[in-house]
Amino acid sequence: MIKKLKIGAALLACLSLAACSTPDPTVYAGLASASQLQPNIADKTGRMPYRYQTNVNWSQYSRIIVDPVTVYNGPDNQFGKVPEKDKALLANYMQQQFTKKLNTRFAIVNVAAPATLRLHLTLTGAKATTAVLGTVSHIDVAGGLYNTVQAARGREGSMTGSVNYAVEIYDATSNRLLSSYVTKQYPNAMNIGASFSAMDASMVGVRKGADALLAELK
């Protein structure tokens, strides 16, 4: 009983603080496209606060090079206390998931040629799901109400992990930047299954991000 009361008190304390969520992506100074990123006034969710976009017809591209995912180590990274092994895990997972999704639309190649894009992904931050509290926040009355509202708004749930990263897309032959953005991805606030282990939510975010990019490039 005492343990449950302690968990409830910690949950209520967290729900009252902005620190329950991951910092929104910023214009990370070390990105190649940092100087071209601008506030994304079309974004109302906070998922994609900065982007750069040229007028490009994606249908003219049929192949894509997927660069190895870079783990950002600049001083403005947003990894907090995420250990190096989890950063590497997420980077590898991102490489696999984006390649898998994009392979349904493009031929994955290694050499620049006409009609070829080059995708560079930079993992810039992540937050692990808070042990125990992440799951409890979906079941506890106060946490459940909070997460229900957040889910309806398409916003981040309490004490649930997330992932921040940058996307930079180039014409492979000219190396001209066509599009770039920084984004934050996370599960639906009511997705209890994404709260059981530390990196589950971040991995859900990676899959959602891969789906979003594929939809944009179709």
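Quick caveat, the model's predicted, so the values are computed rather than measured. FYI, side chains are in, hydrogens and waters are out, and symmetry mates aren't considered; it's all heavy atoms of this structure.
Put simply, Val66 and Leu90 are part of the same group of oily side chains (I, L, V, M, F, W, Y) that touch within less than 4.5 Å, one to the next. Cluster membership for Tyr165 and Leu37, using ILVMFWY side-chain heavy atoms within less than 4.5 angstrom, is not shared.
Formation of a donor-acceptor pair under 3.5 Å by the Asp43 side chain with backbone atoms of Met48 is found in this model. Distance alone, capped at 3.5 Å, places no donor-acceptor pair between the Asp171 side chain and the Arg176 backbone. The main-chain N or O of Lys127 is found under 3.5 Å from a side-chain atom of Ser202 such that the two form a donor-acceptor pair. Of the possible polar contacts, one joining the Glu168 side chain to the Ser33 backbone as a donor-acceptor pair under 3.5 Å is found. A donor-acceptor pair under 3.5 Å links the side-chain atoms of Thr124 to the main chain of Asn164, judged by distance alone.
Looking at every heavy atom in both residues, Thr173 comes nearest to Pro114 through CG2-N, 3.6 Å. In terms of heavy atoms, Gly161 sits closest to Ala201 at O-CB, 3.3 Å. The two residues Ala126 and Val82 have their closest heavy-atom pair at O-CG2, 3.4 Å. The two residues Asn57 and Tyr61 come nearest to each other via the heavy atoms O-CD1, 3.9 Å. The nearest pair of heavy atoms linking Gly46 to Asp24 is O-OD1, 4.0 Å. Arg47 and Tyr186 get closest at one heavy-atom pair: NH2-CE1, 3.3 Å.
Every pair passing side-chain hydrogen bond (donor to acceptor under 3.5 Å, both in side chains) that includes a residue from residues 97-120 is listed here, sequence neighbours excluded: Arg63-Thr116, Asp67-Arg118, Asp67-His120, Thr70-His120, Lys101-Asp211, Arg118-Asn175.
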| task | Test Val167 against Ser179 for side-chain contact (heavy atoms from CB on, under 4.5 Å), laying out the working first. | result | CA-CA 8 Å; Val167 173; Ser179 178; over 6 Å; no
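Val163 is listed as a side-chain neighbour of Leu123, based on a closest heavy-atom distance under 4.5 Å. Using a 4.5 Å heavy-atom cutoff, the side chains of Ile169 and Leu177 are not in contact. Taking 4.5 Å as the limit, every side-chain heavy atom of Val71 sits out of range of all side-chain heavy atoms of Asn77.
The ring-ring contact (aromatic ring centres under 6.0 Å, His included) check on Tyr50 picks up nothing, with sequence neighbours excluded. By the ring-ring contact (aromatic ring centres under 6.0 Å, His included) test, Tyr181 is found to be paired with no residue, residues two or more places apart in sequence or in another chain being considered.
Partner of Ile65 under the side chain to side chain contact (heavy atoms under 4.5 Å, CB included) criterion, out of Ile108, Val111, Val109: Val109 alone.
In summary, the side chains of Tyr72 and Gln78 do not present any donor paired with an acceptor at a separation below 3.5 Å, with no hydrogens or angles considered.
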